[in-house]
Amino acid sequence: MSLDAEQVKKIAHLARIEINEADIPGYAATLSNILDLVDQMAAVNTDDVEPMAHPMDASQRLRADVVTETNQREQFQSVAPKTEDGLYLVPQVIE
Amino acid sequence: MYHNKTLAELSAMLQAGEVTSVELTQHFLDRIKSKDGDINSFITVTEEQALAQAKAADERIAAGNGVALTGLPFAQKDIFCTQGVRSSCGSKMLDNFNSPYDATVVSKLKQAGAVMLGKTNMDEFAMGSSNETSFYGAVKNPWDLKKVPGGSSGGSAAAVAARLAPAATGTDTGGSIRQPASLCNLTGLKPTYGRVSRYGMIAFASSLDQAGPMARTAEDCALLMNAMAGFDEKDSTSIDKEVPDYSAGLNQSVKGLKIGLPKEFFGEGLDPKVAECVDVAIRQYQDMGAEIIDISLPNSGLSVPVYYVVAPAECSSNLSRMDGVRFGHRCDEPKDLEDLYKRSRGEGFGEEVKRRILIGTYALSAGYYDAYYIKAQKLRRLISDDFKQAFEQVDVIMGPTSPNVAFNMGEKSDDPVSMYLSDIYTIAVNLAGLPGMSIPAGFADEMPVGLQLIGNYFEESRLLNVAHAYQQQTDWHQRCPSGFED
């Protein structure tokens, strides 16, 4: 399986990562090598095998829907790049 | 000197009043100052906090309330969130991130009174096997400064090997405790998935990640496990199962122990000199009364390809939280929200992290999900079932931890696939969720070789016991790299 420059750009867009144009061929080459490695999976028939999501097939624990945390907004926002009046600031989204 | 003693020995000295925690802590801080320039094993040294914790520990011991770890210095992998202290995960993305809370592992070690010397270097977001992907520069192997210490817990491994700390925490997603332990002559334990809380441990691949101890001896790993293990409500995959006293089982006999040797771990690709060390170690177990049984893990050869779908898929999802909005790196003057996401992530992540996010994004994208992610999960079950069958016949599985000794810096950094293959014997254990260890088992070309021990679910005690028995008869684990003895 090999990826071309256009596919790499599309995946980078889906992942919301900017990649310099000059670096695209390098990514295309290494990602293609990784996919060649991954393609070895096709060698084994898995038609009747149940996919395994958890090592012990455990499911997520549920808890009662009650408040367990105290409000620490100020502390959490102290590490944010930009806040105002308790809100996270980003560039304007809606005109 | 203090730095040549184990945690257990230092603990006894503290309890007997032969040394204070402040003296010990100062000793290790001084060593870090004078020697870490050579190996770059720490990202942050928390001198002031460490001395304050040491002082509190001395008071606690004097009041008679100390436990085994009280007052003992250790190094914390920088993947664990530590309140008020930079928690970078080896990434530019989190270079400015002073965590607002403690990981559960961090608070448990604090409660025990252990003294954190600082945060250790690591591959960025734990993605690497050589510690060359860190934003803070590569870590060097104390056994040969031209060679890598392994990864991703390479800073923890190098720090303990160089006697800059008596022990350290690590995390292991595909071998990140065991492989650096092997390459630096340490004892490292990756517990059963769910045994140690993942809360506050910056997530890489959530169905594989597990924290564990790295030290010089199995006895010291047991001491750390006693504090680290246990159920945590804050981790939804934590397992609610009683924690045994890991120190209590150390001295059981290994007579009659059934050791399985998977033929797949001794084939092509294994350095013959590494194979020889492993063979000698296994013969030693035989001399101690263990029984050797040949087994097969027929699907284990697919564990690297399976891992490089599952782990990137999970990381692409986990690392989506690094978006420049609530914490971490934000680009200058974003022109719109998409630009903010793309440039913050493009600037904040290093090349290997980007590569894995891209692979994961691709594997999860429409039209490819079944062919990659579901296929990998099916193979994961086959790999796991192989182990289940093996453990019907044997008590532990043994083999090499890594196919080679430490490689040269730069040797594999341009070739991701060859780097990935250095975890060929460790990855299957994470896919199955089993506990695994690496222990020092000799030297090839003057570099350390690790023996891997794999146990059945929740059999950390047995692994520690089997490792301890070997360490009572050998002195590989006591060897110190030259230049770091004094």
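As the structure is a prediction and not an experimental result, all values here were calculated from the model. Basis for what follows: all heavy atoms, side chains included, without hydrogens, waters or symmetry-related copies. In what follows, chains carry the letters A, B, and so on, assigned in the order in which the sequence lines appear, proteins first and then strands, with residues in each chain numbered from 1.
Counting only residues at least two apart or in different chains, side-chain hydrogen bond (donor to acceptor under 3.5 Å, both in side chains) contacts with residues 321-330 of chain B comprise B:Asn318-B:Arg321, B:His329-B:Glu347.
When heavy atoms are compared at a cutoff of 4.5 Å, A:Ala42 approaches chain B solely by way of its backbone atoms N, CA, C and O. Residue B:Ala376 touches chain A through both its backbone and its side chain, counting heavy-atom pairs closer than 4.5 Å. The part of A:Ile19 that comes within reach of chain B is its side chain, from C-beta onward, which places non-hydrogen atoms under 4.5 angstrom from that chain. Within the 4.5 angstrom heavy-atom criterion, only side-chain atoms of B:Phe97, from C-beta onward, approach chain A. At a 4.5 Å heavy-atom cutoff, A:Leu62 makes no contact with chain B through either its backbone or its side chain. For A:Val93, the part sitting under 4.5 Å from any heavy atom of chain B is the side chain, from C-beta outward, and nothing else. Heavy-atom distances place both the backbone and the side chain of B:Ser207 under 4.5 Å from chain A. Of the two parts of B:Leu319, neither the backbone nor the side chain holds a non-hydrogen atom closer than 4.5 Å to a non-hydrogen atom of chain A. Within the 4.5 angstrom heavy-atom criterion, only side-chain atoms of A:Asp39, from C-beta onward, approach chain B. At a 4.5 Å heavy-atom cutoff, the contact between A:Met41 and chain B is made by backbone and side-chain atoms alike. For a residue to count as touching a neighbouring chain, one of its non-hydrogen atoms must lie under 4.5 Å from one of that chain's; by this rule B:Ser320 does not touch chain A. Only the side chain of B:Pro416 comes within less than 4.5 Å of a heavy atom in chain A; its backbone stays farther off. When heavy atoms are compared at a cutoff of 4.5 Å, B:Val306 approaches chain A by way of both its backbone and its side chain. For A:Asp47, the part lying under 4.5 angstrom from a heavy atom of chain B is the backbone only.
Using a 3.5 Å distance cut-off with no hydrogens or angles, the side chains of B:Glu124 and B:Thr133 do not pair a donor with an acceptor. Defined by atom type and a distance below 3.5 Å, a donor-acceptor pair is present between the side-chain atoms of B:Lys375 and A:Thr46.
Between A:Lys9 and A:Glu21, the closest side-chain pair of non-hydrogen atoms falls below 4.5 Å. Between B:Ile454 and B:Phe391 there is a side-chain heavy-atom pair separated by less than 4.5 Å.
Not a single donor-acceptor pair under 3.5 Å links the side chain of B:Asp232 to the backbone N or O of B:Ser238.
Applying the side chain to side chain contact (heavy atoms under 4.5 Å, CB included) rule to A:Pro51 yields the partners B:Ile374, B:Gln377, B:Lys378; only residues at least two apart in sequence or on another chain are considered. For A:Gln72, the side chain to side chain contact (heavy atoms under 4.5 Å, CB included) criterion is met by A:Glu69, A:Thr70, A:Gln75, A:Phe76, not counting sequence neighbours.
Between chain A and the residues B:Ile357, B:Val309, B:Val325, the largest count of heavy-atom pairs under 4.5 Å involves B:Val325.
For a heavy-atom cut-off of 4.5 Å, chain A lies close to B:Gln83 in residues 82-89 of chain B.
Residues B:Tyr307 and B:Tyr420 keep their aromatic ring centres 6.0 Å or farther apart.
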